[in-house]
Protein chains: 2
Amino acid sequence: MEQETRLEATPGTVRPGGRTAKVRTAVLAATQEALVEGGFHALTPDRVAAVAGVGKTTVYRRWRSPAGLVADLLRDMAEQSLPAADTGSLEGDLRANAALVRDTLTDPRMGPVFAAVIAAAACDQECADALHGFYATRLAEWAPAVERGLGRGEVPAGTDPLEVLRAVSAPLYYRFAVSREPLTADVAERAASAALAAARAGAFVF
Amino acid sequence: MEQETRLEATPGTVRPGGRTAKVRTAVLAATQEALVEGGFHALTPDRVAAVAGVGKTTVYRRWRSPAGLVADLLRDMAEQSLPAADTGSLEGDLRANAALVRDTLTDPRMGPVFAAVIAAAACDQECADALHGFYATRLAEWAPAVERGLGRGEVPAGTDPLEVLRAVSAPLYYRFAVSREPLTADVAERAASAALAAARAGAFVF
DNA sequence: TTACTAATGGAACAGGAGACCCGTTTGGAA
DNA sequence: TTCCAAACGGGTCTCCTGTTCCATTAGTAA
C-alpha cells in the first residue's frame, strides 16, 4: 500500500537500450563541452540539454543537478581507464605515472573537467563518493608497478604501494587545485623522484 | 566624457571606517557560518544578508557573488595567520606544520571553509588568485623553519625550503580535496617524515 | 507484428536570484 | 557644528531556473 510512495527507480534503468543510451552519451558529451568552455559554473542543465539536443526535462529527471551530471561523467571516465606503465624499473614507472597525471591535468579538455569534478565534490556528496571511487580504482591499477619494484628490492619490504602512488600524485594535485601554481614538467619529475626517495628511506613502511 | 562609463570603485574603499567596517565583519562572519552549515552551495547572498542583518543590496553591491564573498573571507583569513613553530629541529617543525594543517582541515568550522574555498577557486578567477596568495603567504611564513634546518645541516645545501613545505602539505590536501580519504593523525606524521626523508636524499635540491 | 509502458520532449507555471531605483543614514572634512 | 556625498536598505521588477502535466515516441516481451 505504501508502494506508490517509495522512491521510483532512476529513469534509464529499466530500458537501458537504444534511445536511453544515446541520450546519456549526448548529455555527457555536452557536459564535458560545457565544463571545457566555462568551468563548473557554466554547467547549467538548460544549456546541456540544448547542446545535447535533448529535452531539458530529461536532464532534470535523470541527473537532478549539475553535480549529478559531473558525478555521472566521472563514473563514465572511471570505466575507460588507461593501463598502467611497465618500464622495467620502479623509477621509470613512477615517472610515467607522474607524467600521465601532469599531462591529464594540463590537457585543455581534461584539465577543466578535473577542476569541475573537484569543485563539485566539495558541494555534493554523490560527487565526493564518485571521486573517491575514481581514485581508488586508479590507485589499484598502478599498485602492481610498485609491487614489482618491491619484488626487485627497489624499496624496503613492507612498503605500502598505494602510499607511494599517493605521494607521486599529491604534489601535482596540490598545485592544481589548492595552491594554484603552474604544473611544469620538472614538477612532475620532482614528484616522482621525491616519492621514490621517501619510499627508499622507508617512509611508507607500516 | 566617458567617465560615467568607467568602472566605479568598489564601495567601502573611500569611507572604510565605522559602519562600512562593521558591515564587512558581519557579512564575513555570516559567510563563514553559512559555509559551516551547508557548504558552498548554501552560500546565497540573500541568506548571508539576512544572517548578517544587512540589506541584500549591500551584499550584491560590494561582493557581487558567492565567490566574491569567499575570496574576501580568504583575504581576511590571510591577515590573521598564526606564527610558525620553532621546536629546535627540522623534523619537529615539519611535524608541527603537518599537525597544524591536519587540525585545520579536520576542524568542524575551518574544514568546510577550506572545502568551499577550493570549490570556489575552481569556478572563479578572483578566488583562485586569493587562494594562490594565501598559500604563498603561508609558505613564506614557514620557510625560516626549513632554512634553520639547512643551517644545522639537517638537509643538503641547495634544498628549496618552499618545496619541502609543499611536500608536507600536499598529501594532506590531496586526501582532503581530491581522493576524499580520511585525514588521520598518522597520515600527518607520515607526510612530515616522507617530506623529510625526500629532502635528506636531496630530492628538493635544484 | 502487436501490445504495453518506460522514457522522452514540449509547454505552461511557480519560485527565487539578482538588478535597479531612490530615499535614508552616516562617515569625514571644513 | 555643518555640509556633502559615500554607503546602506527597502521596495520593486525582470529573467531564469527548476517543476509539473501530458501527449508522443520507441524499447521490449509476447
Side-chain angles (χ1 to χ4, degrees), chain A residues 3-31 34 37-72 120 123-124 126, chain B residues 3-31 34-35 38-72 120 123-124 126:
Chain A
Q3 289 201 344
E4 68 266 13
T5 62
R6 83 190 187 290
L7 284 177
E8 56 185 278
T10 304
T13 55
V14 178
R15 285 183 181 173
R19 182 169 59 169
T20 296
K22 273 190 166 60
V23 165
R24 180 171 183 243
T25 302
V27 166
L28 292 187
T31 296
E37 293 281 327
F40 186 56
H41 78 278
L43 187 68
T44 65
D46 277 31
R47 174 180 170 172
V48 168
V51 173
V54 303
K56 72 167 183 170
T57 309
T58 300
V59 176
Y60 280 111
R61 188 165 33 213
R62 282 182 62 177
W63 288 276
R64 302 274 307 165
S65 67
L69 286 165
V70 171
D72 198 29
C123 303
D124 179 84
E126 182 191 1
Chain B
Q3 288 201 347
E4 68 265 12
T5 62
R6 83 191 188 289
L7 284 176
E8 54 186 281
T10 305
T13 55
V14 178
R15 284 182 182 172
R19 181 169 59 169
T20 296
K22 274 190 165 60
V23 166
R24 179 171 184 244
T25 301
V27 166
L28 291 187
T31 296
L35 294 180
F40 185 56
H41 78 277
L43 188 67
T44 65
D46 278 31
R47 173 180 171 173
V48 168
V51 172
V54 304
K56 72 168 183 169
T57 308
T58 300
V59 176
Y60 281 110
R61 187 164 35 211
R62 282 184 63 177
W63 288 277
R64 303 273 307 165
S65 67
L69 285 165
V70 171
D72 198 30
C123 304
D124 178 84
E126 182 190 1

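Note that these values count all heavy atoms, side chains included, but never hydrogens, waters or copies made by symmetry. Owing to the predicted nature of the structure, the values given are computational and were not obtained by experimental measurement.
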Enquirer: Between B/Arg62 and B/Asp72, does at least one N-O distance fall below 4.0 Å, as a salt bridge requires?
Expert: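 Judged by the 4.0 Å cut-off on N to carboxylate O distance, B/Arg62 and B/Asp72 do not form a salt bridge.
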Enquirer: When the distance from CZ of B/Arg24 to P of C/dT26 is rounded to whole Å, what number comes out?
Expert: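 Rounded to whole Å, this separation is 21 Å.
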Enquirer: Once you round to the nearest 0.5 Å, how far does CZ of B/Arg24 lie from OG1 of B/Thr31?
Expert: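 Between B/Arg24 CZ and B/Thr31 OG1, I get 10.5 Å after rounding to 0.5 Å.
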Enquirer: Give the rounded distance in Å between these two atoms: NE2 of B/His41 and P of C/dG16.
Expert: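 From B/His41 NE2 to C/dG16 P: 16 Å.
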Enquirer: Output, in order, the C-alpha distance, side-chain angles, deciding distance and verdict of side-chain contact (heavy atoms from CB on, under 4.5 Å) for A/Val48 and A/Thr44.
Expert: CA-CA 6 Å; A/Val48 168; A/Thr44 65; 6.0 Å; no
Enquirer: Could you tell me whether A/Arg47 atom CZ has more than 12 heavy atoms of other residues or ligands within 6.0 Å of it?
Expert: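 More than 12 heavy atoms, drawn from other residues, nucleotides or ligands, come within 6.0 Å of this atom.
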Enquirer: How many angstroms lie between OH in A/Tyr60 and OG in A/Ser65, if you round to the nearest 0.5 Å?
Expert: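 Atom-to-atom, A/Tyr60:OH and A/Ser65:OG are 10.0 Å apart.
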Enquirer: Without decimals, in angstroms, what is the distance between A/Lys22 NZ and D/dG27 C1'?
Expert: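 About 12 Å, once rounded to whole Å.
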Enquirer: Could you tell me how far apart B/Arg47 (CZ) and C/dG18 (C1') are, to the nearest whole angstrom?
Expert: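 Taking atom C1' of C/dG18 as the reference, CZ of B/Arg47 is at 18 Å.
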Enquirer: CH2 of B/Trp63 versus C1' of D/dA7: gap in Å, rounded?
Expert: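 The distance from CH2 of B/Trp63 to C1' of D/dA7 comes to 11 Å, rounded to the nearest Å.
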Enquirer: Backbone N or O of A/Val54 within a donor-acceptor pair of the A/Thr58 side chain at under 3.5 Å?
Expert: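 The answer is no, because no donor-acceptor pair under 3.5 Å joins these two groups.
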Enquirer: Any donor-acceptor pair under 3.5 Å joining the side chain of B/Arg61 to the base of D/dG9?
Expert: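 Between D/dG9 and B/Arg61, which were checked side chain against base, a qualifying N/O pair under 3.5 Å is present.
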Enquirer: Quick one: B/Arg64 CZ to C/dA19 P, roughly how many Å, whole number?
Expert: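 Taking atom P of C/dA19 as the reference, CZ of B/Arg64 is at 6 Å.
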Enquirer: Rounded to whole angstrom units, what separation is found between the CG atom of A/Asp46 and the C1' atom of D/dT19?
Expert: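 After rounding, the reported distance stands at 12 Å.
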Enquirer: Can you identify which nucleotide, out of C/dA17, C/dA6, D/dA7, has its nearest atom closest to the A/Arg19 side chain?
Expert: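 Among the listed nucleotides, the one closest to the side chain of A/Arg19 is C/dA6.
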Enquirer: How many Å lie between OH on A/Tyr60 and C1' on D/dT19, as a whole number?
Expert: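 From A/Tyr60 OH to D/dT19 C1': 9 Å.
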Enquirer: So which of residues 50-58 of chain A are in contact with DNA chain D, with a heavy-atom cut-off of under 4.0 Å?
Expert: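 Residues of residues 50-58 of chain A that come under 4.0 Å of DNA chain D are, in numerical order, A/Lys56, A/Thr57.
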